[in-house]
Amino acid sequence: MPTTDLIADLEWRGLLKQCSDLEALKESLKTQQTFYCGFDPTADSLHIGNLLPLMALRRVQEHGHKAIAIVGGGTGLIGDPSGKANERTLNTPETVAEFVKRIEVQIRSILIPEQTIIEDNASWICKLSAVELLRDVGKNFTIAWMLAKESVSARLESGISFTEFTYMILQSYDFVVLNERHGCTVQIGGSDQWGNMTAGIDLVRKMRGQQTYVVTFPLITTSSGKKFGKSEAGAIWMDATKTSPYAFYQFWVNSEDPDVPRFLRQFTLLSHEEIEAVEAEHNARPELRSGHKRLAAEVTRMVHGEDELQKVILASQALFGGADLATADVGTLIEATASAPSTEVDLASIPQIADLLVTLGLATSKGDAGRLMKGGGFYINNAQVAAGATPTLTPENFLGGRLCILRKGKKSYATVRVAGV
C-alpha cells in the first residue's frame, strides 16, 4: 500500500532539497504515484554518484509507489549541459546503445523488480523528425525562458552549442511521454537538474493538461568539501571490473567520520531505528569504526552481493587481523594488495628471501633483512617466522599458485607474484 510518509523519510535521509509544490505532492501521495529519474549513458557503468538517485527511487518503492528509470539512449546522444563547464564529447550511437544495456542491468540490481519500469528514451526521441520536434514540442518553449534557466545561463559565457541548448526540450518531452504511457506524475533528480525538471512540468501541463511535480536531492560532497565519489584512483564505479569489490568497500570504510551518519541514511536500506542504533554505537566508541564498517558492508552487499562482501571482509581480516591467508579468496587478496610494493618471480628459480626483502623495500640491505628475520618480526602469509630462522620460499608458499605476502611488523607488507599468472 502507498504511504504518505515518503516525504518525511526523504527529508530525514537528506534526500530532499527542492519540491515544486510540496503540499499538493503530499496530498497526491495518498494514492499510488509513479516517479521517474533519468540516467544518461555516458560510460559503460554507473558510478556511486548515480547511486544517490537510485536510492531515492528505491525509497519511493519502499513506500509503495512505482518507479521508472530512464536510461537516456536518446538524450545521451546529445549531452546534458547541467553542471558542465564545457561541451561533452559525443559517443557513437553504437557505443551509447551498448552503454544502455550495461546500465540497465545495474539499475535492476538495486530497484525492486516488480515495482520497476525501465525505459530507453531512444525509443521515442530517435523517432521524432526535426519538424515534429520543432513544431509539436519546441513551440512550447520561448528563447527568453530557456536562457533564464541555470543549466543554459551558466554556459553562455563559455559557450553552448545548439545541440546542448535543446537538451532541456528533450528531457521535458520525456516527462510528457512517461505521463502519457505510465501516468507518471513525479520526476526526481539532482538539484543541478532543477531547471530542466521544472521545464518538464510546464511542458506536461501544456501538452497533456496534467499537474505534475519535481523533487530534487542535494548534490553530495564530503565533509572536507571533496567531490563525492572520487578516490585517488579516480571514480568509484559500480562495475566490479572497473572498481573491484575490495576497492569499493575500502572507499566506504574510509569515509570521513562526520560523513558516516549521513551516508548511512542516504546510501543504505537500513530503517530509521537501525541507523540510529548504529549512530549511537559509532558515537560512543568511534575507535571501533563500527559505523564505517556497517556502511561499507551494507553498500557493498547491495551493489556486489553477499558472496563478494564476504570475500572482501575475509581478505581484510586476513591482511590486517592476522587470520590465515589460506582461507581468503586469492583474487580478492590480489585486488586488496594492488597498491603494495610487488615483484614477480618464476617458481622454478625463486630468489632468496633477503634479496626479495631488499627489492620490495622491506629491508635496506641483506644485512638488514637478516636482522629482521633473526628478530622474529617477519611473516610469510601471516605466519610468523621463528626468531633466528633463515627461511626460503617454495612454490607451496604461493597462495593459489599465484601470490605470497611478506610482512614486516604489523603493517608493512609487500607481495611476491608468480610471473605470467
[X]/[Y] ion pair, N-O < 4.0 Å:
X: R301; Y: E306; value: yes
X: E281; Y: R294; value: no
X: K206; Y: D202; value: no

Donor-acceptor contact present, side-chain [X] to main-chain [Y], <3.5 Å:
X: R265; Y: W12; result: yes
X: Q33; Y: S28; result: yes
X: E335; Y: S244; result: no
X: R58; Y: I110; result: yes
X: N179; Y: C184; result: yes
X: R407; Y: G409; result: yes
X: D9; Y: D5; result: no
X: Q115; Y: G64; result: no
X: T243; Y: A240; result: no
X: T300; Y: A297; result: no

T42 and D40: side-chain hydrogen bond (donor to acceptor under 3.5 Å, both in side chains), yes or no, with the steps?
CA-CA 6 Å; T42 57; D40 272 350; over 6 Å; no

Just so I know, are the side chains of [X] and [Y] near enough to count as touching, which here means a heavy-atom distance under 4.5 Å?
X: E298; Y: L264; result: no
X: F141; Y: L203; result: yes
X: R417; Y: T337; result: yes
X: Q266; Y: M55; result: no
X: F378; Y: L406; result: yes
X: C404; Y: I380; result: yes
X: L77; Y: C126; result: yes

Result of checking L403, N381, V345 against F398 for side chain to side chain contact (heavy atoms under 4.5 Å, CB included):
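Checked L403, N381, V345 against F398; only one passes side chain to side chain contact (heavy atoms under 4.5 Å, CB included): V345.
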
Show me the pairs that pass ring pair (Phe, Tyr, Trp, His ring centres under 6.0 Å) and involve residues 296-318, at least two apart or across chains.
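For residues 296-318, and leaving out neighbouring residues, the ring pair (Phe, Tyr, Trp, His ring centres under 6.0 Å) pairs sorted by first residue read F248-H304.
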
Side chains of [X] and [Y], donor plus acceptor under 3.5 Å:
X: Q187; Y: Q193; result: no
X: T394; Y: E396; result: yes
X: E164; Y: T166; result: no
X: S191; Y: Q18; result: no

Can you name the nearest heavy-atom pair linking [X] to [Y], along with the distance?
X: V71; Y: I118; result: CG2-CG2, 4.1 Å
X: T221; Y: R262; result: O-NH2, 2.9 Å
X: H65; Y: T31; result: CE1-O, 3.5 Å

Looking at R181, I want to see if its CZ is surrounded by more than 12 non-hydrogen atoms of other residues, nucleotides or ligands under 6.0 Å.
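Count over threshold, so yes.
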
Applying side-chain hydrogen bond (donor to acceptor under 3.5 Å, both in side chains), can you list everything that pairs with H292, at least two apart in sequence or on another chain?
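Here the qualifying residues are D257.
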
Looking at Q106, K242, R102, which one forms a side-chain hydrogen bond (donor to acceptor under 3.5 Å, both in side chains) with S45?
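Only one option passes, and that is Q106.
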
